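What follows is one structure encoded as structure tokens, with my remarks underneath.
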Amino acid sequence: GVSHVLTLVLQELSLLCKRDVNGVGMLYDLLRSRWLQALLKIYECLQHYLGKRPVPVTPQARSLNREVIELLREAPQFAEIKELRRLLRAPHLKASPALLSAHDTVAQKDFEPTLPPLPDNIPENEEAMRIVCLVKNNQPLGATIKRHEITGDITVARVIHGGLADRSGLLYAGDKLVEVNGVPIEGLEPEQVINIL
């Protein structure tokens, strides 16, 4: 993996260090640094974990929790059964169904918004409209907008290479924006649209 490649690079650099080539000593020290080694190990562990793609045991944890509690209600009252009932009724599971509900949402891979189907009677010459969903958290969108000189529409001026919009592959320069976060933007200034974004 990456650690093996780094080891080979270090071997090559050690030969150049002996010949005192400019900057090689600094590069050699950087690549030998403990923090870089630790980062590479973390990266390899994450890559290994992503390759495994863990699968949830059940996509219905919430209903399974209720079912088990009902079955335990009728079971003989052994110490282990009492302990299991107490755990399943704990505040973080009982009072907050959001925890198990969130688990089920992730397990069912139900992340995307549900969109209504397109009507069957769309004319052939009708403009195509795409509904784009980008989750940006605290990162910038990675695109600029402008008002079209002729039509007055708000359009994507450019998509910044490597930004969220570019990585998603969903926005392109020239795309017309109609709505942002459920807010129609017709008649708004680009600065107002930026505040909504």
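Remember, predicted model here, so these are calculated numbers, not experimental data.
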Atom [atom1] in [X], atom [atom2] in [Y]: separation rounded to 0.5 Å?
{"X": "Ile42", "Y": "Gln47", "atom1": "CD1", "atom2": "CD", "value": "13.0 Å"}
{"X": "Ile145", "Y": "Ile185", "atom1": "CD1", "atom2": "CD1", "value": "6.5 Å"}
{"X": "Glu189", "Y": "Asn195", "atom1": "CD", "atom2": "CG", "value": "12.0 Å"}
{"X": "Glu179", "Y": "Ile196", "atom1": "CD", "atom2": "CD1", "value": "10.0 Å"}
{"X": "Arg167", "Y": "Leu134", "atom1": "CZ", "atom2": "CG", "value": "10.0 Å"}
{"X": "Asp153", "Y": "Lys146", "atom1": "CG", "atom2": "NZ", "value": "11.5 Å"}

Which atom names give the shortest non-hydrogen contact between [X] and [Y], and what distance separates them?
{"X": "Cys133", "Y": "Leu170", "answer": "O-CD1, 4.0 Å"}
{"X": "Ala165", "Y": "Ala143", "answer": "CB-CB, 4.2 Å"}
{"X": "Pro140", "Y": "Leu164", "answer": "O-CB, 3.8 Å"}
{"X": "Val159", "Y": "Ala173", "answer": "CG2-N, 3.9 Å"}
{"X": "Leu188", "Y": "Arg147", "answer": "O-NH2, 2.5 Å"}

ILVMFWY network linking [X] to [Y], side-chain heavy atoms under 4.5 angstrom:
{"X": "Val183", "Y": "Val180", "answer": "yes"}
{"X": "Leu141", "Y": "Tyr172", "answer": "no"}
{"X": "Leu71", "Y": "Phe78", "answer": "no"}
{"X": "Leu177", "Y": "Ile160", "answer": "no"}

Quiz item: Going by heavy atoms in the side chains, are Glu186 and Val178 under 4.5 Å from each other?
Solution: no
Practice problem: Show your working on salt bridge (charged side-chain N to carboxylate O under 4.0 Å, His left out) between Glu83 and Arg86 and close with a plain yes or no. | Solution: CA-CA 5 Å; Glu83 175 70 8; Arg86 187 184 65 76; 2.8 Å; yes
Quiz prompt | Donor-acceptor pair, side chain of Ser63 and main chain of Gln60, under 3.5 angstrom | solution = yes
Quiz item: Do other residues, nucleotides or ligands put more than 12 heavy atoms under 6.0 Å from the CZ atom of Arg73?
Solution: yes
